[in-house]
Every structure is written in C-alpha cells, then in structure tokens.
Amino acid sequence: MDWMVAIGEDWLKTLGWMAGLAVAFGALARLMPCNPGMFWWKHLRTAGSDFLYWFVVPLFVRVCRTLILIAGVILLFGGKPPEFLPVKGWPLWQQCLACLFLTDVLQYGAHRLFHTRRGWKYHAIHHSPEELDWTSAARFHPVNNLLTFALAEVVVLLLGFSPEALVALAPFNIVYSALVHANLNWTFGPLRYVFASPVFHRWHHSTEKEGLDKNFASTFPLLDLVFGTFYMPPGKLPVEFGSGEPDFPHDFWGQFTHPFGRKRRPLLAGLIGAALVAGVGLVGGTMYQTAELAELAESNAQRAREAERAAFQSFQALPGQASPILSVAIGANGSRIVSASEDGTARVSDSQTGQEKLTLTGHARPIRSVAISADGNLVVSGSYDKTVKVWDAQKHEVRTFTGHSSAVLAVAISANGLRIVSASADGTARVWGPDGQEKLVLPQDTGAIPSVAISADGWRIVTASGRMAKVWDGHTGKLVRTLEGHTDLVYSVAIGPGGALLATGSFDQTVRVWDGETGQQKLALKGHAGPVYSVAIGPAGKSVVSGGSDKTVRVWDAQTGQQQFTLAGHEDDVTSVAVSADGNRIVSGSRDGTMKMWDARTGASREKIDLTRRD
C-alpha cells in the first residue's frame, strides 16, 4: 500500500538524520561538553525511549495535524476553498523567515502554558531525561507536540503561508532543536540575546532552583528578555537535569500514558489505535506534504466530521473522573482526614460523615505528601513545586517553607506540632519549626528521599535511603543507625508509639518491622504481589498496615507477623495508608481517585461514608 511505503521512506529519512546527528554532536560533545561524562548512551533504556519518540510520535502528530487542518478549514471557511492572506505571494525566503518568527512566538506562549500545573503532567516527559543530550529533542508527549508545534504550523498555513515554507524550514528546525539540547558549552557570546544556545536551553531543563521556569524560547530569546524569563549567568553552567519526580517512568509506554493515570490506559490505548488507523487511512500517507489545502478540505470534509464525532464520543467518559490520590493522613482524635491529589489540591474531610470541610489550594504542582497534627488543626503538605506549606485546617491560613531545590516527596509532623520534617528529591531532609525557621538539614548520599517519619516527641526521625532506612537524632541531626535488609528501594517508613517499633515498605514486595532501640530486624512480612508504597503502625504498636501496587491494603500482627486481613476494593495502586489514634479505623488512598475507610477490627469497608474524590 502507498501509505505504508510512505511511512517506510519517512522512517529511513529519520534513521539517516539520527545517524548524522549522532556523529556530529557525539564528536562535538567530546571536544566542548557542557557537562563532561554526561552522554546519552550511558543509559540505554532512556536512549531507547528517545529513539521511539523520533520514530513513533511524528507519525501520530502528522496524522492529527492533517485532521486539525481540515477542521480549521471547516470552522473558518465553511469547508470552501479559503481566501488566504497575500503572504502566499511573498518570495519563499521571506515566508520562511516570517514563519520561523511567528511559530517561535506561538510556541513560546504554548511552552509557558505547559509549565503551569495543568499542563506540566504532559510537558514533564520532555524534562524527564537526567542525561540531557540531543536525542531528547524529540521527547514530547503527543498532546504537548500537537498543542505546541503542530498547532503553530496549522495557524501559519491557515494564515496563507505556503506549505513549501514549512517544508524548507524542516531541516533547520531538526538541526537547531538537536543543537540546543546537545551537551555543548556554547553560549553564542554576544549573540546569546539573539539566538537560543545549548547553554541557554540547558538552564531551562535544569532542576537547579535559579533555572526554574526560565528560557522558554525555541529559537529567538526576545520574548524571554521582554517578560523577564531570560537566564544565563556568566561563568556558570547547569549540572542537574530532570523532571524533579524520582518515580517518573523511563519507558516509552509508561511516559506515553503517565498523564492519564493507570485507570484510563485501556481506554487511551483503544483511542490511540482507532485514531491512528482512521488517520492513516484518511491521509493515505501521501497527504502529509500536500500543497493545496483547499483540495484537501473539499475531498475529506465528511470523513473529518465523522472522525471528530468518534473522538468526542470516546472522550465523553473522561471528564469528571477522580484525580489520583497520592497521600492520606488522619488526625489523632480521628475527626479529620486530609488527602492530597495529583490535581495540586489537598482536602480536609470529616471522618464520620465523609463531608468535605475545606479544599486547600496554592501548590503549583501535584501534592506528593500530607500530614496532620494530633489535634487535627494543622495540616502540612509537600509538593513537586519544591515547597512545604502549613495550613490551619480551621481558617485556611497558609505559610510556605522554601529551601528544597527539588520536589518535596514526603512530610511529617510531631504530635505537638512543634517540629515539621520534609524530604526531597534533592537528597536532603529538613527539620522546620512551625514558623518556617529551618532547624536542621539531614544530608543523604544516595539520592532522593521518598519517605520520612518523625516520632511523637520529635526526638527520632526516620528516612528512606535507597535500599535502607536511616534513623536520625531529631535535635542534633546525627545519624543514629541504619536499617539494612531490603533488596530493593525502600519507599515508605513509619514510627510506632514511643519509637519502640519501626516499619519499612519496599519495592522488593516486603514489609519489614524493626526494633526502634537496637535497629534489629524483627519481622519480614511477605504477601504483597508488587511494590509496597505505604506503611503505617497502629497506635498500640500491635499492628502494621501496608498498601501497594497490587491494589490491596494488608493488616499484619506486629508481634507474630501473621496477616490478619487483606482489604480489597481499590481499582488501582494503593498509594497511602493511615491508622486512627484509637486503632479502629484505617484510611487508604489510591490512584483510582478514591479514599476508603475500613474497620481495623473486622476488615470491613465502611461504605456508608463516601470518601470518593472528584475533580
């Protein structure tokens, strides 16, 4: 079939481009690296994902771009041959320059929108490589690609510019995009204010605090200069890159579906497959480089309407679905429950009725962790936006702690509310007073800290650290001991009453119970069929509760290790568990967007209390 031949030829061209770019930038990065020793081939899994982006996403975007063009002609010109602006009569070189500047302006605006809370989940994929190099130039989620690049090109075509101008610009755009992502120390000297350079764009990808939300331009930094987002400090180079989310997927499909959540992946896969089949059949492969937009619109208008209706019907199930819950906590008096969501909000609910009392808004990105004081009046939240916020659960007042240079992954608060501890992807845990004064910084040497716990009196702090947990003196910051025994990442830690009992949950599918005084392992609890994401200890130290990727909550006897209950009902990963002060209630939160309350004595779900979260 002709369209299959066209796709094959296109992939051969892509392979040629990648070979040429690999040779050119591979040699240059050896001679003039921005970050010596940081090469794209060091992590084959990440490089493999980048290669798939080069080959798969452009095909999908071209199909969708054609449909957008058809829809644009129908909406703007009624499906009739459009009357373009006189720019189509300009010389080709003038059209190319105008297209380059116009698309750069449009892409700057779209780029900034994708750095907002709602857009970031799609754009974070582009920022995910920690070994930033030229291969990352194609790493864009299709939604990001369509709304930034394809839509800009559609606007240009609908204004009347010749498709030949975009075809002529294509080689320049490929090379320049690869250049600004390449591992080069080029700043372009005095031309740094005219053209985007590799160092300019690497600051944009940096996780270092000063580079946050800077340098949005693709080609010309003019708008960055106008709006104050230009940042290129003389004599300094960025060294750390990534999305700031340590558990971000590395594989192509995981990233492709990441913004939609696991619950929606089957629907998404069906929708993408249907769109590709319908789109490829529609454009017939040879329509990618059509020169006459009017003829394209006239011959395919009816099929465009049908495709639009089919897409609308497929997406009708998506609005109103619950946003994944990442963390839950319950006050010691059991009256209030707080939950944190991927939508960037935290909600305080009545534990008896399930009624929402307060919605806490203010974080710019998803809230990764929440904690609540013993009296239920103080709520602490940590977010991917690198901040910790303290809220008055009665009056909705807020105080913000800043100091972490990367995503805050976990927070905890002592029973008296006088000490707050936060843990971050920057490799540190920080101890704060309720007024925001930083009291201690607990350094790590193994990277991100996904979990932290603090004893009721604030004297002991436990942090997750690679395949172990570390116990710290909460007043001096001195390392007391390490807890070793897990064979994979420790993802959650908990401290029991009086600090006599500690618990850890790991990606090795086990929960381990430790003596808080000696650090000796007491029990290894096996039963989960996947990674354990959260652990909690009952108020009397008699039980341990855990939740994980197998969608279950499990209750264990902390003395014998016997599994007492398996609580099933969630439809996706259980991300967080908490136990009430009287030990009678368990609260669990899940990526399925729901909270559930369970009777800790019988294992029964208290379905009469509706704790479901909705956007």
Side-chain angles (χ1 to χ4, degrees), residues 25 28-40 104-105 107-116 120 123-124 126-137 139 176-246 364-365 383-387 400-408 424-428 430 438 441 443 447-448:
F25 291 119
L28 290 171
R30 290 283 189 181
L31 298 173
M32 293 168 284
C34 178
N35 306 109
M38 183 181 290
F39 301 108
W40 60 269
D104 202 58
V105 170
Q107 290 167 13
Y108 176 90
H111 196 173
R112 293 201 67 169
L113 288 175
F114 273 105
H115 273 255
T116 61
W120 178 252
H123 191 62
H126 183 61
H127 283 256
S128 60
E130 297 179 359
E131 305 287 342
L132 184 65
D133 212 332
W134 67 270
T135 57
S136 304
R139 184 185 285 232
Y176 203 88
S177 181
L179 171 67
V180 296
H181 288 88
N183 183 16
L184 299 174
N185 61 7
W186 296 356
T187 64
F188 292 171
L191 294 177
R192 70 182 66 189
Y193 303 109
V194 181
F195 299 104
S197 67
V199 172
F200 170 90
H201 197 66
R202 290 179 85 81
W203 272 115
H204 175 75
H205 277 262
S206 176
T207 56
E208 297 168 47
K209 186 175 183 179
E210 62 265 39
L212 181 66
D213 293 336
K214 301 292 184 182
N215 301 355
F216 292 99
S218 300
T219 308
F220 307 111
L222 175 62
L223 290 181
D224 282 305
L225 291 167
V226 171
F227 292 106
T229 54
F230 183 94
Y231 184 76
M232 280 186 71
K236 186 176 181 181
L237 299 174
V239 295
E240 295 180 0
F241 309 97
S243 65
E245 303 176 26
R365 290 183 182 171
S383 167
Y384 287 133
D385 66 7
K386 308 178 184 180
T387 67
T400 301
F401 303 169
T402 58
H404 285 294
S405 60
S406 192
V408 177
S424 168
D426 64 12
T428 67
R430 296 172 185 264
E438 186 177 278
V441 178

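Excluded from the calculations below are hydrogen atoms, water molecules and symmetry mates; all remaining heavy atoms, backbone and side chain alike, are included.
- Looking at Asn35 and Arg202, their side chains do bring a donor and an acceptor atom within 3.5 Å of each other.
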query: Do Ser128 and Arg139 pass the side-chain contact (heavy atoms from CB on, under 4.5 Å) test, and can you show the C-alpha distance, the side-chain angles, and the key distance before you say yes or no?
result: CA-CA 9 Å; Ser128 60; Arg139 184 185 285 232; 2.9 Å; yes
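- Put simply, NE2 on His404 and CG on Asp385 are 11.5 Å apart, with the number rounded to the nearest 0.5 Å.
- Annotation: His126 is in aromatic contact with His181 [ring centroid separation under 6.0 Å].
- If you take OG on Ser136 and NE2 on His127, they are separated by 10.5 Å, rounding to the nearest 0.5 Å.
- A donor-acceptor pair is defined here as one N or O able to donate and one able to accept, closer than 3.5 Å; such a pair exists between the side chain of Asp104 and the backbone of Thr219.
- Judged purely by distance below 3.5 Å, without hydrogens or angles, the side chains of Thr428 and Asp426 pair a donor atom with an acceptor atom.
- For the 3.5 Å distance criterion, the side chains of Thr229 and Tyr108 qualify, holding a donor opposite an acceptor.
- The OH atom of Tyr384 sits 11.0 Å away from the CZ atom of Arg365 when rounded to the nearest 0.5 Å.
- The shortest heavy-atom contact between Ser424 and Ser406 is OG-O, 3.2 Å.
- Rounded to the nearest 0.5 Å, atoms CD (Gln107) and CZ (Phe220) are 11.0 Å apart.
- When all heavy atoms of Leu132 and His205 are compared, the pair lying nearest together is CD2-CB, 3.6 Å.
- The main-chain N or O of Pro238 is never found under 3.5 Å from a side-chain atom of Glu208 such that the two would form a donor-acceptor pair.
- Listed by first and then second residue, the salt bridge (charged side-chain N to carboxylate O under 4.0 Å, His left out) pairs that reach into residues 231-241 are Glu210-Lys236, sequence neighbours excluded.
- Residues Asp224 and Phe200 form a side-chain contact, since some pair of their non-hydrogen atoms from C-beta on lies under 4.5 Å apart.
- Taken from OG in Ser206 to NE2 in His201, the straight-line distance is 12.0 Å, to the nearest 0.5 Å.
- Looking only at distances, no side-chain donor or acceptor of Asn183 sits under 3.5 Å from a matching main-chain atom of Asp133.
- Here the side chains of Asp213 and Arg112 are not in contact, with every heavy-atom distance at 4.5 Å or above.
- Side-chain contact between Leu223 and Val105 is present, with at least one heavy-atom pair separated by less than 4.5 Å.
- Side-chain contact between Phe241 and Pro129 is absent, with no heavy-atom pair separated by less than 4.5 Å.
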- request: Check step by step if side-chain contact (heavy atoms from CB on, under 4.5 Å) holds for Leu179 and Phe25.
  value: CA-CA 8 Å; Leu179 171 67; Phe25 291 119; 3.7 Å; yes
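- The line from CH2 of Trp120 to CG of Leu113 is 14.0 Å long, rounded to the nearest 0.5 Å.
- Around CZ of Phe195, the count of heavy atoms belonging to other residues, nucleotides or ligands within 6.0 Å does not exceed 12.
- Between Leu237 and Val199, some side-chain heavy-atom pair lies under the 4.5 Å cut-off.
- Between His111 and His204, the ring planes lie perpendicular to each other; the angle is over 60°, past the 30° to 60° tilted range.
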Give every donor-acceptor pair under 3.5 Å between a side-chain atom in residues 184-194 and any protein atom, sequence neighbours left out.
unit_1	atom_1	unit_2	atom_2	d
Thr187	OG1	Gly189	N	3.3
Arg192	NE	Gly189	O	2.9

task: List the steps, then state whether side-chain contact (heavy atoms from CB on, under 4.5 Å) holds for Phe401 with Glu438.
output: CA-CA 9 Å; Phe401 303 169; Glu438 186 177 278; over 6 Å; no
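- With contacts defined as side-chain heavy-atom distances shorter than 4.5 Å, the pair Trp203/Lys214 does not qualify.
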